[in-house]
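Accompanying notes for the structure given below.
Chain naming here is simple, since letters A, B, ... match the order of the sequence lines and numbering starts at 1 in each.
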Amino acid sequence: MMDMHSNIKDFQKLVSSIPNVGLDWHRKTILDHARDTANFITKNIKELKLPEGKDHSHAIVVSAGPGLHKNGSLKKIKEFNYKGVIIAVDGSLLHCLRTGVIPDFVLSLDPHPTRIVRWFGDPNFATHSKVDDYFTRQDLDIELRKKNIEGHLKDIDLVNQYAPKLKLLLSTTTSQNVESRTREAKFDRYWWNPLMDNPKEEGLTRELYKINKAPCVNTGGNVGTAAWVFATSIFKIPTIAMVGMDFGYQKSTPYTLTQTYKELLDTTGMSAEDDLSFLFPEFKNPLTLETCYTDPTYYWYRSNFFDLYKNSSSKTINCTESGILHGEGLECKYLDDFLSEVADG
Amino acid sequence: MEELLKGNYKVTKNIEIEAEEKSENNLTINFKKVALNSIGGSMVYVERNTLVWEGEEEAADKKNEIKSS
């Protein structure tokens, strides 16, 4: 068993090693997808306009972390009849629509070949479920853990109903099935490239740009941060609130339901009976005083967010009311308070 | 077969195995795999300074300007 010092060292080593290896790992997939989607690009994000009739001085980024469900964030947004701009990530779309919150923009980034299409209603749900238990373990949309085929068909109908009214900000690296599903559902699609490396040097970002000439946007490594980058850098919204931006798990969530649990046990050779806490560091939320924990990947997302946050001119407020995204000068606030303040003008 | 072949000749070069380093590298590699599995293909590089890039031909123009309708 490793001692505490080596535990921290190993955790940090893992976190710092993610970016470059991941870039190599996904290079071929990303380029293949970009070449495929190039055939379908009719508009890119340079043609975007902020929605008429909305207050553009503030926005809410709706990410899909567990706090979104636990704290009833969407219900509050609906009840307050929020008038600002709403930018939702793909993983929160179904939850938004079920709650009656219609986002102005929906963002999709991940090139995963089978999982992401589920957020839009997957026509091949049954086949994909047989080979991947992701949706029975994930905590982004817990409704999807128990969905049967009938329930899933309702999701498809719901998405089909609203898609033509929704502006979808779709990464050129998305998978073929997300491209076809969102085309068939008639989303109003605007394409963009994820910024993969330093664009001033030859690399993947330049390769993507050469394929489709779409603007390249920094993502911070995940769709939630990417949605925030759109709010601050593309839409230049002065005040941005975030919900569902946990980057961590509720203390009550068993390690077995974390997204890397099986792989972590395999990797370390540890078993469920061992003390696994070094893989899941804990943080106390300064707003709620609740303790949450994270894993190496989410911790890396947190670090990325704060790097980008330093370059933002918007005022950002985390209204998730849980999770590990706090500190570094980032204001945390209860969503009710934010909604009351913007309603009062 | 393994038993028959084992040790039936002597190599001339002395090979030293850095056991500790090898173990540490394996751990790192395995950790990387864990992380990659967990991110499920999300973008994994973060450029620290640039938020948006629109190609060099447009670099001189005002960047990222999207006006309200």
Side-chain angles (χ1 to χ4, degrees), chain A residues 10 13-14 17-23 25-26 29 45-46 48-52 56 109-112 115 134 173 194-199 204-205 209 213 215-223 226 229 232-236 259-260 263-264 266-268 295-297 300 304 307-308 311-312, chain B:
Chain A
D10 284 330
K13 191 186 291 180
L14 168 58
S17 70
I18 294 172
N20 291 330
V21 176
L23 188 62
W25 186 278
H26 295 296
T29 303
I45 57 169
K46 279 196 277 191
L48 276 171
K49 289 185 170 143
L50 285 167
E52 291 180 31
H56 301 165
L109 162 64
D110 197 314
H112 195 281
R115 289 176 184 169
Y134 175 76
T173 58
L195 193 71
M196 302 298 301
D197 47 21
N198 185 351
L204 193 46
T205 299
Y209 185 79
K213 300 287 183 189
C216 306
V217 181
N218 205 322
T219 68
N222 68 95
V223 68
V229 171
T232 181
S233 192
I234 300 290
F235 299 130
K236 299 190 186 308
Q259 297 196 20
T260 59
E263 293 87 350
L264 282 169
D266 290 345
T267 299
T268 58
D295 63 17
T297 303
W300 181 69
N304 296 343
D307 280 341
L308 300 177
N311 290 324
S312 165
Chain B
M1 182 60 77
E2 200 171 282
E3 282 303 306
L4 292 173
L5 292 174
K6 192 164 73 177
N8 64 355
Y9 72 98
K10 204 169 187 177
V11 293
T12 51
K13 189 176 177 181
N14 187 26
I15 298 168
E16 290 179 7
I17 298 171
E18 294 176 20
E20 193 177 331
E21 188 184 331
K22 193 177 172 186
S23 164
E24 190 174 317
N25 285 341
N26 283 341
L27 186 63
T28 304
I29 289 165
N30 287 335
F31 267 163
K32 287 171 185 172
K33 286 180 183 170
V34 170
L36 289 168
N37 282 336
S38 72
I39 57 184
S42 290
M43 301 303 116
V44 287
Y45 184 90
V46 178
E47 158 62 34
R48 258 57 187 176
N49 298 309
T50 309
L51 286 173
V52 180
W53 185 73
E54 293 187 42
E56 279 168 349
E57 60 267 36
E58 300 185 32
D61 300 338
K62 191 173 182 298
K63 290 176 185 172
N64 321 319
E65 188 171 13
I66 295 179
K67 291 178 180 169
S68 305
S69 57

| message | On a heavy-atom basis, which atom in A:P199 and which in B:W53 lie closest, and how many Å separate them? | response | CB-CD2, 3.3 Å
| request: Identify the heavy atoms of B:L51 and A:N311 that sit nearest to each other, and give their distance. | output: CD1-O, 4.0 Å
| task | Please state whether the side chain, the backbone, both or neither of A:V217 comes within less than 4.5 Å of a heavy atom of chain B. | result | both
